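Keep in mind that this is a model prediction, so the values were computed, not measured. All residue numbers in this chain count up from 1 along the given sequence.
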Amino acid sequence: MSVRDDRPTSYDDLCTRLAADLETMPKRLAQTASYLVAHPDEVAFGTTASIAEGAGVQPSTLIRFAKANGFEGFSDLQLLFRERLRDRNQSYDSRLATLGQDADQVPSRAVLNGFIAAGQESLAWLQRDMDLDQFDAAAALLARAGTVYLVARRRAFPPLIQLRYALAKLGIRSEICGSVNGIDNDLLAFAGPGDAAILISFAPYTAQTIEAAEQLRAQEVPIVAITDSRLSPLCTGAAARLLLAEADYAGFRTSTAAMTLVMALSVATAEHRRLSRSGA
């Protein structure tokens, strides 16, 4: 990985660059990139030694990684992670206070129109950027599964509930492994190579979902990862990767693309099963 003259100006800019460069990075730098994106809160205020230990690399690798991306040193790179944390921690009250500044419309209409626009933008990204080969591979994999195990937490949990509902209506056996508050590892233990799992997580990725992915990989369960970046820890060893982006309005992120994707995936899975049974 050559040293670049330009440097990312934000955390999102850094993630975009790392995702584009991941395939050409040396192994240790790729390992570092994946860890940094998966653990942004720890990176924001950790020491070089503690972050290197978490990433499984030498401290000198962090410095080399930072310089390769145009920074003077690793502490310089850390500033992007601290800025991200500061921006993320903006209170909901202050977000709401900005809504009335967006338009001269009736406030409630401005909010509705803002979320409609964000949803439309999310769907436009989904249509433009979705890897259709990966989507078809995911549907084919799920169609062959005895049971589909479903894992998600926090804001990724609502699309999981929608997915569970759709699969049940289509006669496809599935199990939700846990709730919005936690993951049921004992239930995951029943999954095997003849099953499949769908894991959903978006940055900052939840530790329990990452641990569930590791457990499922150890059990040789094929994984369909629904996430937001090639750098997501869910992508490691996944049989299919479905990447999406969600637009936000005044700091409130929509779930439009995720909801649309899981509905399409469930119906495509059922169609694969129908064609397989009919011998088409």
Side-chain angles (χ1 to χ4, degrees), residues 8-17 19-20 37 40-41 80-132 134-135 138 150 152-167 169-170 179-181 198-206 209 225-232 234 241-268:
T9 58
S10 68
Y11 173 79
D12 289 341
D13 187 19
L14 174 65
C15 290
T16 299
R17 173 180 296 186
V37 173
D41 292 356
L80 294 187
F81 288 82
R82 292 174 182 173
E83 288 170 3
R84 167 200 163 273
L85 199 60
R86 181 198 62 205
D87 293 342
R88 191 194 73 182
N89 289 340
Q90 180 187 29
S91 71
Y92 278 94
D93 287 342
S94 62
R95 292 185 192 181
L96 289 170
T98 68
L99 296 181
Q101 304 171 12
D102 290 343
D104 295 329
Q105 305 177 57
V106 175
S108 57
R109 294 180 186 175
V111 170
L112 177 60
N113 289 336
F115 277 107
I116 289 173
Q120 290 171 333
E121 188 173 5
S122 296
L123 291 177
W125 288 341
L126 184 66
Q127 183 176 41
R128 183 190 68 222
D129 297 335
M130 175 54 56
D131 186 326
L132 297 181
Q134 288 284 303
F135 179 81
L150 309 174
R153 283 198 62 204
R154 298 198 310 221
R155 79 176 181 92
F157 197 69
L160 195 80
I161 293 296
Q162 181 66 34
L163 181 57
R164 163 70 169 176
Y165 172 80
L167 291 175
K169 287 294 183 181
L170 293 166
S179 69
V180 68
N181 296 314
I198 300 175
L199 280 71
I200 310 176
S201 189
F202 310 111
Y205 311 103
T206 57
T209 304
I226 299 178
T227 188
D228 52 6
S229 169
R230 181 65 182 82
L231 287 164
S232 167
L234 298 190
R241 302 182 299 269
L242 306 181
L243 307 183
L244 59 84
E246 297 281 10
D248 70 86
Y249 174 62
F252 295 91
R253 197 168 298 279
T254 71
S255 296
T256 308
M259 288 292 193
T260 301
L261 177 61
V262 298
M263 282 302 299
L265 182 60
S266 61
V267 174

For [X] and [Y], which heavy atoms make the closest approach, and how far apart are they?
{"X": "Pro8", "Y": "Arg17", "value": "CD-NH1, 3.3 Å"}
{"X": "Leu231", "Y": "Ala19", "value": "CD1-N, 3.5 Å"}
{"X": "Leu244", "Y": "Ile226", "value": "CD2-CG2, 3.9 Å"}
{"X": "Ser201", "Y": "Thr209", "value": "CB-CG2, 4.0 Å"}
{"X": "Leu170", "Y": "Ser266", "value": "CD1-O, 3.4 Å"}
{"X": "Phe202", "Y": "Arg155", "value": "CB-NH2, 3.2 Å"}

Looking only at side-chain N and O atoms, does Asp228 offer a donor or acceptor that is under 3.5 Å from a partner on Tyr205? yes

Using a 4.5 Å cut-off on heavy atoms from C-beta on, say whether the side chain of [Y] contacts that of [X].
{"X": "Tyr249", "Y": "Thr254", "result": "no"}
{"X": "Leu243", "Y": "Asp131", "result": "no"}
{"X": "Leu80", "Y": "Glu83", "result": "yes"}

Which of Ile200, Leu199, Leu163 passes side chain to side chain contact (heavy atoms under 4.5 Å, CB included) with Leu150? It is Leu163

With sequence neighbours left out, the residues meeting side-chain hydrogen bond (donor to acceptor under 3.5 Å, both in side chains) with Arg241 are none

To the nearest 0.5 Å, atom CZ of Arg109 lies from atom CG of Leu112 at 10.0 Å

Here the gap from Glu121 atom CD to Leu126 atom CG, rounded to the nearest 0.5 Å, amounts to 13.0 Å

Which side-chain N or O atoms in residues 255-265 pair as donor and acceptor under 3.5 Å with protein atoms at least two apart or in another chain?
from   : atom 1 : to     : atom 2 : distance (Å)
Thr260 : OG1    : Thr256 : O      : 2.9

